[in-house]
Amino acid sequence: MPYVIPAPIPASVPVAGSADAFPVHRIYCVGRNYVDHAKEMGHTGREAPFFFMKPSDAILPVPAGTTGALPYPPQTRDFQHEMELVVAIGKGGSDIGVDDALSHVWGYAVGLDMTRRDLQGEAKKLGRPWDTGKAFEHSAPIGPITPAAQAGDIGHAAITLHVNGDLRQGSTIDMLIWNVAETIADLSKYFTLQPGDLIYTGTPAGVAPVQRGDELVGAIDGLETVRVKVV
């Protein structure tokens with residue numbers, strides 16, 4: 001069927017060690033999913049997970065061995081990093097059980113949930129959606145996706161973010177309030193997950209502003225790092 005305007009190019013992410021790419025359907029994000037970050041944001045305890053979304057074209061794919069150019073977005077004076085494990089869904093479904101959830105995972109990647117914190121904060125005060133703070137262009141940098149079978153013991157991997165060589169965020173994946181399987185199971189109660197979905201699983205403590213010229217390097221044991229420079 002012909003289109004009346006040129007069809008957009010589908011978003012995709014490189015696959016580690018391969019010329020293939022992973023097509024992106026939707027991007028789901030989990031809020032406040034590390035205990036230390038929840039406390040950092042003024043919350044405590046094992047609160048029920050909550051989710052927000054980014055459009056698929058928020059993806060900024062960064063191939064292995066390269067540095068992605070991350071534009072400083074307009075309308076903000078508080079552009080912050082959130083370092084995260086990203087789960088790539090390879091098999092869809094709804095009402096997925098916790099015991100079966102990991103069978104739906106195709107692979108894992110290192111990602112950044114970049115946030116216009118001042119706009120998000122204002123939206124929170126007014127009870128409005130977070131879209132202007134979270135869902136803008138290039139707000140989801142991501143490194144290559146490693147197939148699950150090659151990712152090692154991801155559930156206990158170290159997760160770090162360095163900015164200009166200084167450690168800003170550091171934790172381990174087992175410090176997630178809701179682990180990967182629990183997150184998939186809960187999310188699938190609300191949405192029918194599809195192959196190509198990405199889940200940004202939450203960030204440890206240490207979120208902070210970045211400026212033009214800053215270089216961010218995110219790493220998770222067993223996965224390709226992601227490196228971006230704010231321009």
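For the numbers below, each heavy atom of this structure counts, side chains included, while hydrogens, waters and symmetry mates do not. The residues of the chain are indexed from 1 along the displayed sequence.
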- Item | Donor + acceptor pair across side chains of S188, D95 (<3.5 Å) | no
- Message: For the OG atom of S171 and the CG atom of L176, what is their distance to the nearest 0.5 Å?
- Response: 8.0 Å
- Looking only at heavy atoms, the pair that brings P144 and A64 closest together is CG-N, 3.5 Å
- Message: To the closest 0.5 Å, what do you measure between CE (M175) and CD1 (I159)?
- Response: 12.0 Å
- Note on the structure: Interatomic distance, CD1@I173 vs CD1@I154, rounded to 0.5 Å, equals 6.0 Å
- Taking ring pair (Phe, Tyr, Trp, His ring centres under 6.0 Å) as the test, write out the residues that go with F22, two or more places apart. W106
- Donor-acceptor contact below 3.5 Å, side chain R116 vs main chain P74: yes
- Query: Who are the side chain to side chain contact (heavy atoms under 4.5 Å, CB included) partners of P129, not counting sequence neighbours?
  - Reply: D131
- Item | Polar side chain donor-acceptor pair, D174 to T172, under 3.5 angstrom | yes
- Note on the structure: Applied to residues 157-205, the ring-ring contact (aromatic ring centres under 6.0 Å, His included) test, sequence neighbours excluded, yields Y28-F191
- When clusters are formed from ILVMFWY side-chain contacts under 4.5 Å, directly or step by step, what else is grouped with W130? F50, F52
- Query: Would you call E82 and R168 a salt bridge, using N to O less than 4.0 angstrom?
  - Reply: no
- Item | Co-membership, hydrophobic cluster, residues L70 and V24, 4.5 Å side-chain | no
- Item | Heavy-atom pair with the smallest gap, counting every atom of P209 and Q211 | CB-NE2, 4.4 Å
- Query: Transitively linked via ILVMFWY side-chain contacts under 4.5 Å: M114 with M83?
  - Reply: yes
- Hey, what do you get for OG1 (T203) to CG (L85), rounding to the nearest 0.5 Å? 11.0 Å
- Is a donor on one side and an acceptor on the other found under 3.5 Å between the side chain of N33 and the backbone of T201? yes
- Task: Report the residues that fulfil side-chain hydrogen bond (donor to acceptor under 3.5 Å, both in side chains) with E182, sequence neighbours left out, ordered by chain and then residue number.
- Result: R46
- For V110 and V86, what are the C-alpha separation, side-chain angles and deciding distance, and is it a side-chain contact (heavy atoms from CB on, under 4.5 Å)? CA-CA 6 Å; V110 178; V86 183; over 6 Å; no
- Test side-chain contact (heavy atoms from CB on, under 4.5 Å) applied to L198 and I142, step by step: CA-CA 10 Å; L198 298 178; I142 186 172; 4.1 Å; yes
- S103 and K91 have their tightest heavy-atom pair at OG-NZ, 3.5 Å
- Task: For atom CG of D99, decide whether the heavy atoms of other residues, nucleotides or ligands shown that lie under 6.0 angstrom number more than 12.
- Result: no
- Heavy-atom distance under 4.5 Å between the side chains of P14 and P61, does that happen here? yes
- Those residues at least two apart in sequence (or on a different chain) that pass salt bridge (Lys or Arg N to Asp or Glu O under 4.0 Å) with D186 are K189
- Excluding sequence neighbours, so at least two apart, what forms side-chain hydrogen bond (donor to acceptor under 3.5 Å, both in side chains) with D113? K54, K134
- Message: Restricting to non-hydrogen atoms, name the atom on G97 and the atom on A185 that form the minimum distance, rounded to 0.1 Å.
- Response: C-CB, 4.2 Å
- Message: So, using ring pair (Phe, Tyr, Trp, His ring centres under 6.0 Å) as the criterion, who are the partners of Y72 when residues are at least two apart?
- Response: F79
- Query: Taking the hydrophobic residues Ile, Leu, Val, Met, Phe, Trp and Tyr, and joining any pair whose side-chain heavy atoms are under 4.5 Å apart, which ones share a cluster with I5?
  - Reply: V4
- Query: Are L193 and V30 grouped together when hydrophobic residues (ILVMFWY) are joined by side-chain heavy atoms under 4.5 angstrom apart?
  - Reply: yes
- Query: Listed by chain and number, what are the side-chain hydrogen bond (donor to acceptor under 3.5 Å, both in side chains) partners of H104, not counting sequence neighbours?
  - Reply: D100
- Query: Which pair of non-hydrogen atoms, one from Q194 and one from I89, has the smallest distance, and what is that distance?
  - Reply: O-CG2, 3.6 Å
- Atom CG of L126 with >12 non-hydrogen neighbours under 6.0 angstrom: yes
- Task: Measure the OH-CD1 distance between Y108 and I220 for me, rounded to the nearest 0.5 Å.
- Result: 11.0 Å
- Taking T183 as the fixed residue, which of I177, I199, V98 is the one that meets the side chain to side chain contact (heavy atoms under 4.5 Å, CB included) rule? I199
With a 3.5 Å cut-off and sequence neighbours excluded, list the donor-acceptor pairs that the side chains of residues 223-231 form with protein atoms.
residue : atom : partner : partner atom : Å
R227    : NH1  : E215    : OE1          : 3.2

- Same apolar cluster (I L V M F W Y, side chains within < 4.5 Å links), F51/I27: no
- Those residues at least two apart in sequence (or on a different chain) that pass side-chain hydrogen bond (donor to acceptor under 3.5 Å, both in side chains) with E137 are none
- Item | Side chains of R128 and E122 in contact at under 4.5 Å (non-hydrogen atoms) | no
- Do Q80 and D78 get their side chains close enough for a donor-acceptor pair, meaning under 3.5 Å? yes
- Message: According to a hydrophobic-cluster definition based on side-chain heavy atoms being under 4.5 Å apart (Ile, Leu, Val, Met, Phe, Trp, Tyr only), do V87 and V15 belong together?
- Response: no
- Rounded to the nearest 0.5 Å, what's the gap from CG on L119 to CZ on R77? Could you check? 11.5 Å
- Which heavy atom of D214 sits nearest a heavy atom of V210, and at what distance? OD2-CA, 3.4 Å
- Query: Taking D221 for the side chain and A158 for the main chain, is one N or O donor matched with an acceptor at less than 3.5 Å?
  - Reply: yes
